[in-house]
A.B. asks: 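Have a look at this one before I ask anything.
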2 protein chains.
Amino acid sequence: MTTRTTRSLEHPARDDIRLAGVLHALSDPMRLHIVHVLAEEAEAQSCAVFDLPVSKSTTTHHFRVLRESGVIHQAYRGTAKVSCLRREDLDALFPGLLDGVLRACSLESARLAGRP
Amino acid sequence: MTTRTTRSLEHPARDDIRLAGVLHALSDPMRLHIVHVLAEEAEAQSCAVFDLPVSKSTTTHHFRVLRESGVIHQAYRGTAKVSCLRREDLDALFPGLLDGVLRACSLESARLAGRP
DNA sequence: GCGTTAGTACGACGTCTAACGTACTACGAA
DNA sequence: TTCGTAGTACGTTAGACGTCGTACTAACGC
């Protein structure tokens, strides 16, 4: 009965990733946070570990935007769906961009925490 | 009769510039193009030199988004309004970010031109 | 003053977006 | 097989966005 352990998940090919799309995906604070956390973890993370202050359906939405823009890769693992950054693709297309954004993200967090 | 040569132009202070706002400003192809051109020019440029494929009012809109997010600085010079990147502020807040985006922008242009 | 040039303000329009709730499916465990 | 967990699909809502046109203002040069 078609036990598709791998339900299909659409990912853009490397050449279809667009800078404007990536920047748009990163321009939302919630998604920036997700990317920031993903960058610090070696393992692919389940969506559930983020505990975002929004509903489940909104969480799904944000992960989809990240995936469809080419920022993250997602795969089903059992009942969970795990996500990880597409570092290799992003670094090949836009060297230094992801690191620049992640560093900026860390610096801003520190700056805003220092001046509340 | 109040010949304010300097009509007031709102710019965010350095500390009010937000990463998400900057990324959002850069996530539009038209604005990315503007920033790309500004980065290659030493002099501040008038809005008119860009010759964007949109109406004057839309052009005004895009420059305003860039200014209000802290990406560019604008000033009146005679009848023109000249714009330049806020490199110093952006590099202080998010070192490497602007360069990363600009380089990514150049690389993508070259890549897309090669495969039409 | 008059016209030209450069940009603004405002209102309108259709589209996109972020958020929600509810109802559903897929997998693993009891 | 039944239940719980994790996430999807769908429909909706309110607001933001990109675009336009028209009417306006400010500075310059004649």
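Scope of the values below: all heavy atoms of this structure, side chains included, with no hydrogens, waters or symmetry mates. Chain A is the first sequence line, chain B the second, and so forth, proteins listed ahead of strands; every chain is numbered from 1. Computed from a predicted model, the values in this text were never measured in an experiment.
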A.B. asks: Roughly, in whole Å, what's the span from CD in B:Q74 to P in C:dA6?
C.D. replies: 16 Å
A.B. asks: Taking only distance into account, with no hydrogens and no angle test, what donor-acceptor pairs under 3.5 Å do side-chain atoms of residues 66-73 of chain A form with protein atoms, sequence neighbours excluded?
C.D. replies:
unit_1 : atom_1 : unit_2 : atom_2 : d
A:R67  : NE     : A:Q74  : OE1    : 2.7
A:R67  : NH1    : A:E10  : O      : 2.9
A:S69  : OG     : A:V65  : O      : 3.1
A:S69  : OG     : A:L66  : O      : 3.1

A.B. asks: List the steps and the verdict of side chain to side chain contact (heavy atoms under 4.5 Å, CB included) for A:L97 and A:L19.
C.D. replies: CA-CA 10 Å; A:L97 178 68; A:L19 177 58; 3.6 Å; yes
A.B. asks: Name every residue in residues 27-50 of chain A that has at least one heavy atom under 4.0 Å from any atom of DNA chain C, in order of residue number, or write none if there are no such residues.
C.D. replies: A:D28, A:M30, A:R31
A.B. asks: Does the base of D:dG7 carry an N or O that pairs as donor and acceptor with the side chain of A:K81 under 3.5 Å?
C.D. replies: no
A.B. asks: Taking only heavy atoms on the protein side, list every residue of residues 57-66 of chain B lying under 4.0 Å from any atom of DNA chain D, sorted numerically.
C.D. replies: B:S57, B:T58, B:H61, B:H62
A.B. asks: For atom CZ of A:R18, is the number of surrounding heavy atoms from other residues, nucleotides or ligands below 6.0 Å larger than 12?
C.D. replies: yes
A.B. asks: For D:dC20, does either OP1 or OP2 sit under 4.0 Å from a side-chain N or O belonging to B:S55?
C.D. replies: yes
A.B. asks: Rounded to the Å, how far apart are B:L9 CG and D:dT25 P?
C.D. replies: 18 Å
A.B. asks: Whole Å only: how far is the NZ atom of B:K56 from the P atom of D:dT22?
C.D. replies: 12 Å
A.B. asks: How close or far is atom P of D:dA9 from atom CD of A:E10, stated in whole angstroms?
C.D. replies: 11 Å
A.B. asks: Is it the case that one hydrophobic cluster holds both A:F63 and A:V82, taking links as side-chain heavy atoms less than 4.5 Å apart, direct or via other members?
C.D. replies: no
A.B. asks: Would you say B:R77 has more than 12 foreign heavy atoms packed within less than 6.0 Å of its CZ?
C.D. replies: no
A.B. asks: Give a yes or no answer on whether the side chain of B:Q45 reaches the backbone of B:E43 with a donor-acceptor pair at less than 3.5 Å.
C.D. replies: yes
A.B. asks: Just by distance, do the side chain of B:R87 and the backbone of B:L98 share a donor-acceptor pair under 3.5 Å?
C.D. replies: no
A.B. asks: Does A:V49 share a hydrophobic cluster with A:Y76, counting links as ILVMFWY side-chain heavy atoms below 4.5 Å and allowing steps through other members?
C.D. replies: no
A.B. asks: Check whether A:L107 and B:L90 end up in the same hydrophobic cluster, where Ile, Leu, Val, Met, Phe, Trp and Tyr are linked by side-chain heavy atoms less than 4.5 Å apart.
C.D. replies: no
A.B. asks: Expressed in angstrom and rounded to an integer, what is the separation of A:R77 atom CZ from D:dG7 atom P?
C.D. replies: 12 Å
A.B. asks: Closer than 4.0 Å, any side-chain N/O of A:H24 to the OP1 or OP2 of C:dC16?
C.D. replies: no
